[in-house]
2 protein chains.
Amino acid sequence: MAAKGKSIKEFFHNRGLKCTPQRLAVLSILEESPKHLSIQEIHRRVKKILPDTGLATIYRTLEILVDLGLVLRVHQGDECQNYVMAPLGHQHPLVCTDCGKVLDFAECPMEDVAQRITEQTGFSVEKHFVQLFGKCRQCQAPL
Amino acid sequence: MAAKGKSIKEFFHNRGLKCTPQRLAVLSILEESPKHLSIQEIHRRVKKILPDTGLATIYRTLEILVDLGLVLRVHQGDECQNYVMAPLGHQHPLVCTDCGKVLDFAECPMEDVAQRITEQTGFSVEKHFVQLFGKCRQCQAPL
DNA sequence: GTTGGTGCAAACGCTTTGCATCCAT
DNA sequence: ATGGATGCAAAGCGTTTGCACCAAC
């Protein structure tokens, strides 16, 4: 996180994109949030830092960040517009259904499964989408 | 599928719901489709059988069918309003990104993973959402 | 005969778009 | 300086809702 400022800037520049305060704000908000956020919530938080930010900018920014692979879109039942920072390696979200917090787990059993599916059905698996839901340690604890 | 007509009817009645031609039409369309369908596509097909069917009915019907667990909502990238018949046992969809066809695979490695996650993090996994994407045998074949 | 279901059309709300302005480079 | 990014407001469009009528029970 320390040298992130510079590398992010380069990251944008290398792709012919500008590094704007709005984009940095969205990134920093997602980075600091343990749970996925809705577009509305992201907008609300960005406006605390940059009060004039329009909702359209949030939409445009998130689209770019998802394209860049920095941010992940999370689908949960009816809720299809939630976003989290993309984990660095290959990981999957572990979403707490109580508090909405998101952990990650790196272990991925899908490679093996994919292999077997290809052998059995001829279907070649190219990607997978996995999300786990449950209760985090705190939310399990009696209050 | 033979004695389905009667059991479906009872299925609705047992829940205080009526068994209408529109609901049966949606079910039969989903049953006969190997791939998931969008709301618009379902509407189009229902109208071939019942020309006066309104779009609102499709929305209302799908919501009920999903609640009943008969139908599954599929999320694929930006497309969040696609529906397939729910597989009977515990299965996961295998979606072909070319033709949209959906196969199922019953093998589920998640139980083991869930166990290990609980041991390592204290997070208790209650459910999981898994979708695989790739190319089915036909779509891999050279044309 | 009841009551839930349907069709229609209007309302709604989220998302996208056009355009003038601004600012990162 | 200049082209991409932003803010604003309007347009667009998928989804939901209200209500009168209809049909399953």
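The sequence lines fix the lettering, A, B, ..., with proteins before strands; numbering per chain opens at 1.
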Residue set satisfying side-chain contact (heavy atoms from CB on, under 4.5 Å) with B/Q120, at least two apart, ordered chain then number -> B/R116
Taking the minimum atom-to-atom distance to the side chain of A/R23, which one of D/dG7, C/dG5, D/dA5 wins? D/dA5
By side-chain contact (heavy atoms from CB on, under 4.5 Å), B/R60 pairs with (sequence neighbours left out) B/A56, B/T57
I want to check something: taking the side chain as every heavy atom from C-beta on, are B/N82 and B/L37 in contact at a cut-off of under 4.5 Å? no
Starting at atom CD1 of B/I58, determine the distance to atom C1' of C/dG5, rounded to an integer number of angstrom. 13 Å
Output all residues satisfying salt bridge (charged side-chain N to carboxylate O under 4.0 Å, His left out) with B/E63, sequence neighbours left out; order by chain, then residue number. none
Please report, rounded to the nearest Å, how far the C1' atom of C/dG4 is from the CD1 atom of B/I64. 10 Å
How long is the line joining CD of B/E10 and P of D/dA24, in whole Å? 18 Å
Could you list all N or O pairs between the protein and nucleotides 21-25 of chain C that sit under 3.5 Å apart?
from: C/dA24; atom 1: N3; to: A/K18; atom 2: NZ; distance (Å): 3.4
from: C/dT25; atom 1: OP1; to: A/H13; atom 2: NE2; distance (Å): 2.3

What's the NE2-P distance between A/H43 and D/dC8, to the nearest Å? 9 Å
Would B/R15 pass as a cation-pi partner of B/F12, given that its NZ or CZ must be under 6.0 Å from the six-membered ring centre and within 45 degrees of the axis? no
Is there a donor-acceptor pair under 3.5 Å between the side chain of B/S28 and the backbone N or O of B/A25? yes
Starting at the 5' end of nucleotides 11-19 of chain D, put B wherever the base has a protein heavy atom under 4.0 Å, S where only the sugar-phosphate does, and a dash everywhere else. ---SSBBB-
C/dG5 P sits how many Å from B/D67 CG, rounded? 13 Å
So which pairs with a foot in residues 38-52 of chain B pass side chain to side chain donor-acceptor pair (under 3.5 Å), sequence neighbours left out? B/E41-B/R44, B/E41-B/R45
By side-chain contact (heavy atoms from CB on, under 4.5 Å), which residues pair with A/I64, not counting sequence neighbours? A/L17, A/R23, A/L68
